[in-house]
Amino acid sequence: YGASAGSISSVIAACGINLELAMKLVLNLPKKTRHLSHGNLIELWLSQILPEDCHIRCSNRVHISITTITLSFLPLHRKVVSVFDSKQDVIDACLTSSHIPFFLDGKFSRTFHGDTCVDGSFLFFLHNTPWPKAELLNGKQRALMFYHRNDKRLMKRNFPVLQVLDQEATTVMFNMGYQYGLCLLQERKIETNETHQVVANVFIFFTC
């Protein structure tokens with residue numbers, strides 16, 4: 001399960017992507033320009049790291065949260081996508097779930113499967129809560145939740161939001177996230193080779 005940047009984390013986990021390689025490719029991305037948005041860079045990066053059969057690996061295993069906008073009394077609706085037609089469909093779902101209005105590509109919203117959408121964590125943010133626990137596999141399996149506000153070390157660092165981090169800060173954040181994941185595993189006494197559900201509900205820190 002993943003919302004916003006967590007959607008990308010969930011796809012990476014489901015596909016068994018080598019994290020060190022993914023990090024190396026992030027740092028080798030070209031610089032953002034007037035004609036190359038944050039969204040373009042993320043799409044380029046995902047195209048490089050995801051296998052061609054990622055849609056097969058992720059269908060019915062990865063659940064990506066997006067927020068749809070409709071002309072109604074309650075205009076915002078959370079929708080979960082879990083079936084993907086192609087590699088590009090997986091990438092588009094991640095970009096939609098990560099679509100912070102205007103920041104990602106200069107546009108307010110993004111169209112996905114005919115719906116007008118924005119960031120998948122938007123309603124979580126408004127309600128000040130992570131992904132509802134009752135929704136996570138109905139409690140039938142263990143769930144390992146990565147929620148940025150629960151990481152005390154991360155919250156103390158006050159990393160800038162909606163800003164591009166330099167290579168040093170990006171590396172620090174990467175290592176902190178890796179260590180936080182290991183701590184969660186140790187606290188719950190989950191062996192690293194045990195199958196477990198990964199729930200990533202975090203806000204975006206763009207790197208370039």
Side-chain angles (χ1 to χ4, degrees), residues 1-14 32-47 50 54-56 58-139 143 145-150 160-164 197-208:
Y1 291 74
S4 194
S7 66
I8 300 175
S9 300
S10 297
V11 168
I12 287 176
K32 179 184 177 297
T33 66
R34 186 162 61 93
H35 301 291
L36 198 61
S37 67
H38 294 300
N40 295 143
L41 294 173
I42 296 173
E43 183 170 11
L44 174 62
W45 175 60
L46 290 176
S47 297
L50 295 182
C54 63
H55 59 293
I56 298 174
C58 292
S59 286
N60 299 314
R61 293 184 63 213
V62 174
H63 300 72
I64 293 179
S65 173
I66 62 176
T67 304
T68 62
I69 304 174
T70 60
L71 296 176
S72 62
F73 178 70
L74 297 173
L76 300 179
H77 307 270
R78 192 167 66 83
K79 179 179 179 181
V80 177
V81 181
S82 59
V83 177
F84 310 95
D85 298 329
S86 63
K87 176 179 178 178
Q88 188 61 49
D89 198 35
V90 174
I91 294 174
D92 289 341
C94 289
L95 290 173
T96 302
S97 184
S98 304
H99 190 94
I100 297 176
F102 302 114
F103 183 76
L104 196 75
D105 59 8
K107 299 177 182 179
F108 173 75
S109 61
R110 181 182 178 91
T111 300
F112 180 73
H113 291 184
D115 293 323
T116 301
C117 309
V118 292
D119 190 286
S121 68
F122 196 74
L123 290 176
F124 295 144
F125 176 76
L126 291 179
H127 298 155
N128 193 31
T129 181
W131 202 301
K133 292 183 179 179
E135 188 178 333
L136 304 178
L137 299 178
N138 296 318
M145 178 172 285
F146 293 87
Y147 183 46
H148 70 290
R149 294 186 181 180
N150 291 340
V161 180
L162 302 185
Q163 293 184 27
V164 176
Q197 188 71 18
V198 175
V199 183
N201 185 351
V202 297
F203 298 111
I204 282 185
F205 293 86
F206 283 105
T207 59
C208 178

side-chain contact (heavy atoms from CB on, under 4.5 Å) evaluation trace for W45 with I8: CA-CA 11 Å; W45 175 60; I8 300 175; 3.7 Å; yes
Once side chain to side chain contact (heavy atoms under 4.5 Å, CB included) is applied, do any residues pair with [X], and if so which ones, sequence neighbours excluded?
{"X": "N150", "answer": "Y147, Y180"}
{"X": "L74", "answer": "none"}
{"X": "L36", "answer": "P30, T33, N40, L41"}

Of S97, S98, S4, S65, the residue whose pairing with D119 passes side chain to side chain donor-acceptor pair (under 3.5 Å): S4
Donor-acceptor pair, side chain of S59 and main chain of F84, under 3.5 angstrom: yes
Cut-off 3.5 Å, no hydrogens considered: what does the side-chain donor-acceptor table look like for residues 102-112, sequence neighbours left out?
| residue | atom | partner | partner atom | Å |
| --- | --- | --- | --- | --- |
| D105 | OD1 | K107 | N | 3.0 |
| R110 | NE | T96 | OG1 | 3.3 |
| R110 | NH2 | D92 | OD1 | 3.3 |

Rounded distance (nearest 0.5 Å) linking atom NE2 of H55 with atom OG of S86: 6.5 Å
CA sep, side-chain torsions, deciding dist, call: L76, L126, side-chain contact (heavy atoms from CB on, under 4.5 Å): CA-CA 11 Å; L76 300 179; L126 291 179; 4.2 Å; yes
Could you report the tightest heavy-atom contact between [X] and [Y], atom names first, then the distance?
{"X": "K87", "Y": "L50", "value": "NZ-O, 3.0 Å"}
{"X": "Y1", "Y": "S10", "value": "O-OG, 2.8 Å"}
{"X": "C117", "Y": "I66", "value": "SG-CD1, 4.0 Å"}

Derivation of the side-chain contact (heavy atoms from CB on, under 4.5 Å) call for D89 and H113: CA-CA 9 Å; D89 198 35; H113 291 184; 2.8 Å; yes
Residue pairs, two or more places apart or on separate chains, that pass salt bridge (Lys or Arg N to Asp or Glu O under 4.0 Å) and touch residues 63-80: R78-E135, K79-D115
I64 and V80: CA distance, side-chain angles, deciding distance, side-chain contact (heavy atoms from CB on, under 4.5 Å) verdict: CA-CA 5 Å; I64 293 179; V80 177; over 6 Å; no
Listed partners of T70 passing side chain to side chain donor-acceptor pair (under 3.5 Å), at least two apart: S72, H77
